[in-house]
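Take a look at the structure set out below.
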Amino acid sequence: MANHRLTQLKALEAESIYIMREVVAEFRNPVMLYSIGKDSSVMLHLARKAFYPAPLPFPLLHVDTGYKFKEMYEFRDWYAKKIGAELIVRRNEEAIAKGMNPKDYGVARCCGALKTQGLLDALEEGGYDAAFGGARRDEERSRAKERVFSMRDEFGQWDPKNQRPELWNIYNGRIHEGESVRVFPLSNWTEMDIWLYIREENIPIVPLYYAKERPMVVRGNLLIPADDPEHLHEGEVPEPVMCRFRTLGCIPCTGAVRSSADNMDEIVAEAAAAKRSERETRIIDHGSNSMEDKKKEGYF
Amino acid sequence: MSELNFKASEEIELLRLVTVGSVDDGKSTLIGRLLVETKGAFEDQLLAVRKQRHEKHVATAEDIDLAMLTDGLAAEREQGITIDVAYRYFATPKRKFIMADCPGHEQYTRNMVTGASTAHAAIILIDARNGVMPQTRRHTHILSLLGVEHLIVAVNKMDMVNYDEQVFNGIRDEIRDYCEKQGTRDLICIPTSALKGDMVAFRGDQMNWYDGPTLLETLESLSVMGGLDEAPFRFPVQLVNRPQTAELPDYRGFMGTIASGTVRVGDEVVSLPSGMRSKVKEIVTFDGNLEEAFAPQSVTLTLEDEIDVSRGDMLVRPSELPKNARDIHARICWIGDEPMKERGKYLIKHTTSTAKMIVSAINYRTNIHTLEQESADSLSMNEIGSIEMKLQRPIHYDTYADNRVTGSFIIIDSFTNNTVGAGMIES
């Protein structure tokens with residue numbers, strides 16, 4: 001008698017594939033938001049599985065801020081080419097030309113212009129009615145309340161008090177003209193699941209996730225990369241630190257953690273033993289309700 | 001997960017849970033306890049919710065405001081109530097748990113239905129000081145209606161009744177009687193103190209009279225599959241895969257998630273509604289073709305013959321046909337703002353197909369307090385009832401009791417596009 005049991009990772013995989021196929025069946029013009037991070041890497045891998053042997057039935061959209069790590073851009077271009085995906089890159093050029101940065105304008109304004117507005121503009125330009133995002137419910141408490149199909153009005157805004165109930169695995173993809181959905185196929189994955197799956201499936205990820213000696217500055221509780229002297233505060237002196245990144249964002253706002261984990265087994269072991277959440281190294285999340293506020297404005 | 005031997009983690013299974021009860025029953029404390037004991041919450045998340053009260057350096061289940069951890073929306077924290085389902089994740093070396101944490105108040109019945117719809121097991125909290133309350137009966141009824149296989153009753157706050165065995169036995173016997181009457185399949189009662197930790201993850205030393213498993217041991221040992229693989233094969237088609245590339249000019253694969261049962265290469269299948277037959281040629285996945293696949297795997301099937309199959313159709317075995325009808329008798333939980341009315345027209349989404357329907361009759365409304373059937377000509381938000389409906393075309397289905405996937409549907413308001421009802425097919 002065959003063993004008809006799915007491991008939890010395979011059960012999550014099956015659920016994510018089902019969600020992606022529902023979106024492609026019910027929406028006119030879907031797109032996949034691709035941030036180059038580990039969650040995006042898993043989401044993209046699942047999309048390849050979902051539509052195999054056909055090519056991806058939607059493009060990848062990277063909303064770039066211009067502040068990403070060099071290794072991230074290199075990885076993005078290499079991987080999109082390797083798997084034959086259509087890659088669209090959009091930036092809020094107007095804000096970038098004005099010199100938008102977190103040091104002078106504050107993190108909230110910088111994120112609002114480069115990420116939220118950049119995303120809303122790119123979605124409008126492409127006329128996309130569904131956008132896949134790699135957000136997970138375990139990341140942050142307002143995300144724990146997020147639906148798999150998250151309805152957005154014409155302004156891309158999330159209304160947390162008026163969400164459609166999601167029953168069984170039956171997703172209601174009906175929207176009015178001008179509305180759109182953000183779809184989160186990784187809703188039920190945890191950080192640990194992501195790492196275990198990357199290891200099990202040998203999914204390529206940006207080398208910054210592996211430990212290496214890098215020039216860093218220590219700012220409060222955070223370990224900030226010293227790649228660009230412009231992003232340093234007064235009096236900060238870079239020093240070499242053996243470290244890695246648990247999450248990847250923009251250079252000025254992403255902290256690293258001290259670590260010597262330079263292979264997948266050690267990274268998984270570190271994730272298993274972690275006492276502090278991965279979002280702790282992301283400056284944008286802190287402040288009273290910041291993630292919920294940003295999502296209401298259209299952030300994914 | 002810090003105790004976890006991660007090499008073995010690839011073998012662990014997924015259990016979907018729903019927790020019901022109100023804040024007063026100690027639900028938030030119990031969830032917080034489970035998260036803390038299984039390392040499902042991180043130190044910085046615990047410190048963030050504790051910081052708002054007073055400064056300390058160690059966060060424990062006792063001194064943090066666990067409701068602040070579980071109430072994710074600003075409105076919930078302002079009003080001190082839980083409005084919406086929140087999803088929580090924790091794992092032990094044996095299992096990963098997805099827990100839908102549902103508000104227990106009557107006006108949030110729809111959230112409970114949402115959380116229960118995907119759950120294998122439910123934790124119902126009872127305050128040992130108050131015993132079985134009307135809401136306990138309401139919750140138990142809804143969970144049974146939604147087909148949740150295992151009901152775990154945690155008789156909580158045992159520390160407030162001096163860990164008295166007689167108190168626990170009284171509540172256990174009462175809930176057991178009630179569950180027997182409505183046909184609950186599996187009921188487990190556990191005395192707990194979420195606040196002190198007794199019988200949650202550890203036995204503690206206050207209730208040596210109880211020889212059953214702790215709550216966490218129970219969660220780790222429940223059976224998950226419930227015979228899903230032994231049920232008839234059901235494959236609702238989501239999409240037709242036609243790459244039309246140079247290498248695969250004529251390829252036609254049928255993509256879907258197996259709702260129940262198993263399928264093997266060479267099996268004879270019939271496509272519904274067309275009734276055309278063929279044999280399974282290949283079971284295709286990115287990781288290579290399979291000889292056999294089973295629920296709930298997501299696969300692509302190719303067939304020996306060129307038969308007409310499209311989204312919304314279902315592949316089954318000719319010897320195990322599902323029911324087929326236009327007139328459907330179903331239990332409904334109404335979740336829309338506007339009441340459901342007799343003669344009302346709506347859309348239903350059933351597996352991967354959407355159809356128009358009209359409410360032919362409302363048979364009764366269930367009184368949520370007495371569980372008696374009352375006559376009604378409408379169903380308002382959070383009400384549960386039984387209806388007859390007529391569809392624009394016949395659908396292929398199983399009863400909800402036989403199959404949670406092919407026996408369930410949602411009701412959509414075609415004007416607002418909102419999901420307004422949850423339906424469970426009875427015949």
Side-chain angles (χ1 to χ4, degrees), chain A residues 2 4-15 17-18 21-22 24-25 48-55 137-138 140-145 160-161 163-170 172 174-176 187-188 190 192-193 196 200 268-269 271-277 280 288-289 292-293, chain B residues 1-2 4 6 9-14 42-45 69 72-75 83-84 86-89 91 96 98 110-111 113-114 117-118 225 229 238-239 241-243 245 248 251 255 257 262 284-286 292 294 296-298 300 311 335 349 352 404-405 408-410 412 417-419 422:
Chain A
H4 294 146
R5 286 151 69 105
L6 282 186
T7 66
Q8 69 106 358
L9 285 178
K10 288 289 174 192
L12 290 173
E13 177 189 87
E15 178 183 78
I17 289 174
Y18 171 81
R21 289 170 169 177
E22 279 301 283
V24 168
R48 295 177 69 203
K49 288 196 172 195
F51 301 102
Y52 175 86
R137 286 176 179 149
D138 82 320
E140 199 273 340
R141 63 182 172 185
S142 68
R143 285 197 164 153
K145 303 258 166 172
K161 286 200 254 182
Q163 301 195 76
R164 283 182 185 168
E166 282 180 346
L167 297 132
W168 299 287
N169 63 347
I170 313 176
N172 174 2
R174 297 179 69 88
I175 54 170
H176 293 292
S187 286
N188 287 327
T190 63
M192 190 63 193
D193 298 327
L196 286 169
E200 192 173 298
V268 168
K275 289 207 164 75
R276 305 183 79 88
S277 77
E280 193 186 39
S288 52
N289 332 304
E292 183 178 342
D293 290 342
Chain B
M1 288 249 296
S2 67
L4 174 66
F6 64 84
S9 65
E10 288 153 21
E11 304 303 316
I12 69 180
E13 283 182 292
L14 191 62
F42 288 107
E43 246 173 37
D44 55 306
Q45 293 170 335
L69 182 69
L73 303 175
I83 296 170
D84 205 341
Y87 293 89
R88 302 280 148 205
Y89 303 85
K96 172 178 166 177
I98 299 178
R110 64 180 201 157
N111 293 326
V113 171
T114 303
S117 69
T118 52
M225 283 293 290
D229 56 333
Q238 280 187 290
L239 271 173
N241 194 337
R242 295 182 61 221
T245 53
L248 299 164
Y251 185 94
M255 307 159 84
T257 296
T262 61
V284 179
T285 78
F286 181 86
E292 184 190 43
F294 55 93
Q297 284 183 307
S298 290
T300 297
R311 174 170 169 85
I335 57 187
K349 187 173 178 190
T352 56
R404 272 170 102 174
V405 179
S408 59
F409 59 91
I410 59 169
I412 298 168
N417 284 336
N418 283 331
T419 304

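Every value quoted in this text rests on a predicted model; they were computed, and no experiment measured them. Each chain gets a letter, A, B and so on, in the order the sequences are listed, and its residues count up from 1.
At a 4.5 Å heavy-atom cutoff, the contact between Arg137(A) and chain B is made by backbone and side-chain atoms alike. Proximity to chain A (any heavy atom under 4.5 Å) is restricted, for Lys96(B), to the side chain, taken from C-beta onward. The contact between Pro165(A) and chain B is made by backbone and side chain atoms together, counting heavy-atom distances below 4.5 Å. Heavy atoms of Thr245(B) lying under 4.5 Å from chain A belong exclusively to its side chain. Interface remark: Ile410(B) contributes backbone and side-chain atoms alike to the contact with chain A (heavy atom separation under 4.5 Å).
Nearest approach of Asn241(B) to Ala54(A), heavy atoms of both residues: OD1-CB, 3.2 Å. Nearest heavy atoms, Lys10(A) versus Glu200(A): CE-OE2, 4.0 Å. Between Trp168(A) and Phe409(B), the shortest heavy-atom contact is CZ3-O, 3.4 Å.
Contacts with chain A were tallied for Asn417(B), Thr257(B), Leu14(B); Asn417(B) has the most, counting heavy-atom pairs under 4.5 Å. Annotation: maximal heavy-atom pairing with chain B below 4.5 Å, among Glu166(A), Glu22(A), Glu13(A), occurs at Glu22(A).
Between Ser298(B) atom OG and Lys49(A) atom NZ the span is 11.0 Å, to the nearest 0.5 Å.
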Could you walk me through whether Arg110(B) and Thr419(B) pass the side chain to side chain donor-acceptor pair (under 3.5 Å) test, one step at a time?
CA-CA 11 Å; Arg110(B) 64 180 201 157; Thr419(B) 304; over 6 Å; no
For the pair Asn111(B) and Thr114(B), evaluate side chain to side chain donor-acceptor pair (under 3.5 Å) and give the outcome as yes or no after the intermediate values.
CA-CA 5 Å; Asn111(B) 293 326; Thr114(B) 303; 4.9 Å; no
